[in-house]
Every structure is written in structure tokens, then in C-alpha cells.
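Letters A, B, ... mirror the listed sequences (proteins, then strands); counts begin at 1.
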There are 2 protein chains.
Amino acid sequence: MASSKREQLIDTAVELFYRDGFHATGIDKILSNSGVSRMTLYNHFRSKDELILAALHRMDEQWRNWFMRSVEHQADTPYDRLLAIFDVLGEWFRQKNFSGCLFVKASAEFSKPGHPIHAAAAEHNRLVYEYVRGLAELAGAKNPAELARQIRTLMEGALIIACVSTRVKAAEEAKDMVKILMQNAFETETLTAA
Amino acid sequence: MASSKREQLIDTAVELFYRDGFHATGIDKILSNSGVSRMTLYNHFRSKDELILAALHRMDEQWRNWFMRSVEHQADTPYDRLLAIFDVLGEWFRQKNFSGCLFVKASAEFSKPGHPIHAAAAEHNRLVYEYVRGLAELAGAKNPAELARQIRTLMEGALIIACVSTRVKAAEEAKDMVKILMQNAFETETLTAA
DNA sequence: GGTTAGATTGACCAATCAGTATATCGTGCG
DNA sequence: CGCACGATATACTGATTGGTCAATCTAACC
């Protein structure tokens, strides 16, 4: 039962932090929305910052898991999966309660790079990058690290355009861009195969 | 003197909002840092949100002015200026107190698209887009609007990578990407000329 | 010089902030 | 049954939140 309350706290924290932001979400709102009482929270987490870190960790696992599963379900070969990334991105942007990326929000509200919360956001980005680089390697890109950085840049760019300018098409537009870039990232024979 | 205090309030508001965020910056801190007293602020601005809007408006003018002047100083032809955008971006990322983009922060903290503050961020993005599209037109791009959207996506992507992952090189990496994309965005003769 | 309108001041408001102290409760063990 | 321990609930802390009120001060105009 103790662990269940902890889960419940993290769940509602993720939901409220995502919707309203970190500073704008008070401990009291998390408590009332989760039906958990004050001391139970401070029993599991030493401070609000620690709860934020737990929420980011939960979201990182959830989101990356969903993202990778979706990409792998969408396409079969590593090459096609690099393209499918942007289809999945489009799905994400079109989700009912889509409201941007929790990690962008985190690094926006805690912008000092040394802050643990900022570091958690950077770590999430690194893990996503590693996933893309793995795909680029499997696909046989000439320079997998470079292609992965390019794709990550396009992903983040599409994300910002989508959520600041409310332009969900940004995902498809980024996909068109990545097609062009991938022509340059693969040997000619791979290019012809695609 | 009245107008000078108003300017002073906006200046310190911009500085503190940029450094610490909107919700994390209290009215009291703005007052003490600017040396202006409470009612003077509420005489000029009906609420904190209105001060935020004024700060965003000020920052929009300042930043776009600095950005466009830098781009135009860096290169002479519209074509080269499209590339120079990313040199200027690199300059920005390397500025001493660089801490991301105030408008990304604004839309992160006020993520409901209908909110006036979110709308102000979207409007800033639109104005930057219009500037890039103008350059793309002058440069003779086949589809200026499309090229401008692509460049905007790369700009925002590089920005997020730079400030979340503390990777200022993201600007140069995005420049490499835009070179490839521009090969596809111009007729062959323009391409050869470049 | 006196009056008056507008700017400025500091005291004050209720609400909320993150976090704590203490009391009570439920439950497993001897 | 009775004890004891960890989890929970409630009340409370002092600080800070955004915002207001009424008194004071300044300066321009008649």
C-alpha cells in the first residue's frame, strides 16, 4: 500500500507538472488531486525537487518506451524506422492532451545547467539520441553519430514549432527534411534501395 | 520620469524572467531589483501577466533587431544571409548569459495555446519566420515559404539542443544541414552560383 | 501662494508557498 | 490480548504570493 501511494503521487505529479508547469503546481494541488496526505508525500520524497526528479524519471521511461515501441511497430528496417520517427512524432503532436515536452519545460524552468532537474532533462535527451544513433548504425549510415544529431535537431525543431505555433504538420515537414538529409548520409547503393 | 520608471521595470522584468522564469520571479524581486515601488508598478501594469506581456514585447523587438542586424552585417547576399543565420545563432549561444529563448520559456510555462502570453510567443515565432521567408524570396528559392519553415525548424532544433544539452556546436551542425537543404531549394544555376 | 491632480509610499490583505511537529491510527508480533 | 512501530492525518509554521488602500508627497497651474 505504501508503494502504491508513491506511484499515485508520481502519476498525479507528472500530470500536473505537464499541464501547469513545475513552479505553478503547488504541493497542495498534488496532494488533493492524488488524495494522499502531506506527511505521506514527505515520507517518500525529501522535497518538491525530489518529487520533480521522480516525475521526470517516470516520464522518461514512459515516453521513451512508448516512442520506441511505436517506431518499431511502424516500420521494419532500421532505415525506415529513422523515417518513421517523424510519423510517431506526428502522432504525439496530435494526442488529445499534447502540451509539449516535459523535459523542455523542465530545462526552461530550471535553466541553470548544473541544476539536477536540468541535468535530468539533458540525460533524457541523451538517451533519445542514443536510440536514434543505434538505428542509424544498424541502417548503415556513413556517420551514424552525425545523422543521429541531425535527426535529433529536426525532432526538437518540429516539437517547438508544433507546440509554440500549434502546427502539428511540423512533423511531416521535418520528415521531408530528413529524407533529403538521409540521401547524403548513406552510400549510393543504399540510397537506390530506399 | 514616469516613463523612465516604466522602462526600468520592463528592463529588470526581462532580465529576471529570462534568468529565473516567470512563475519563479515574484513581483517583490522585480520591485527591489528595479528600485521602484509597488503602486508605481500597478499604475503602469494592471497585473503581473501584463508586465510579462510588456517584457515579451520588449524582448521581441530587441532580439529580432539584434538578430537581423547581425545577419545583415555577416553576409551581403540574401542567399548567404540564409546561411549566416546559423553563424549568428552560434554567437547567441556563446553569449555570456545565454540561457535559452525567452519565448520558448514563455510557451513552456503558459502552454495553453489560447493564453495571451502563449500567443505572444507564437507571434514572435511568426515574425522571425516572416523575416526568413523574406530572405528566401529575395534569394530566389523555388518555394520560399517551405524553405523558411525548414530553416525555422533547424533554428529551433539547434536552440533546444544548445540549451538543454549545453551543446553550442549545434549551431554549426544546423548550418551543415541547411547547406544540404538549400541545394534542393534552389534551381541548378543558383546552386552553381553559390 | 494656494489648490488640486497625479505619482508615490508603506502598511496591509487573504491566499498560498514548501515544509514540520505532533497526535492518532492500523497492523503485525509476542 | 497488549504492546509497539511505522504510516497517516491534522494543525501549524514563517515566508512569500499577487494585489489593494488610504495617506502622503510633488509639481504644475490659476
Under 3.5 Å between N/O atoms: give me all the protein pairs with nucleotides 9-17 of chain D, atom names plus distance.
residue	atom	partner	partner atom	Å
D/dT17	OP2	B/D28	OD2	3.0

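Atom OH in B/Y42 sits roughly 17 Å away from atom P in C/dC13 (whole-Å rounding). Rounded to whole Å, atom P of C/dA18 lies 15 Å from atom CD of A/E50. Going from atom CG of A/L9 over to atom C1' of C/dA18 covers 15 Å, rounded to whole Å. The CD1-P distance, from A/I30 to C/dA18, rounds to 8 Å in whole Å. C/dA21 atom C1' lies 14 Å from atom CG of A/N43, rounded to whole Å. When rounded to the nearest whole Å, the span between CG of B/L31 and P of C/dT9 equals 10 Å. Between A/F22 atom CZ and C/dA18 atom P there is a gap of 13 Å when expressed in whole angstrom units.
Looking at B/K105, its side chain does come within 3.5 Å of a backbone N or O of B/Y18 through a donor-acceptor pair. A donor-acceptor pair under 3.5 Å is absent between the side-chain atoms of A/S165 and the main chain of A/A162, judged by distance alone. Judged purely by atom type and a 3.5 angstrom limit, A/R133 has no side-chain atom pairing as donor or acceptor with the backbone of A/A145. Put simply, the side chain of A/E109 gets close to the backbone of A/F22: a donor and an acceptor are under 3.5 Å apart. The backbone N or O of B/T40 sits nowhere less than 3.5 Å from a side-chain atom of B/S37 that would complete a donor-acceptor pair.
Using a cutoff of 4.0 Å between basic side-chain nitrogens and carboxylate oxygens, B/E172 and B/R94 are scored as salt-bridged.
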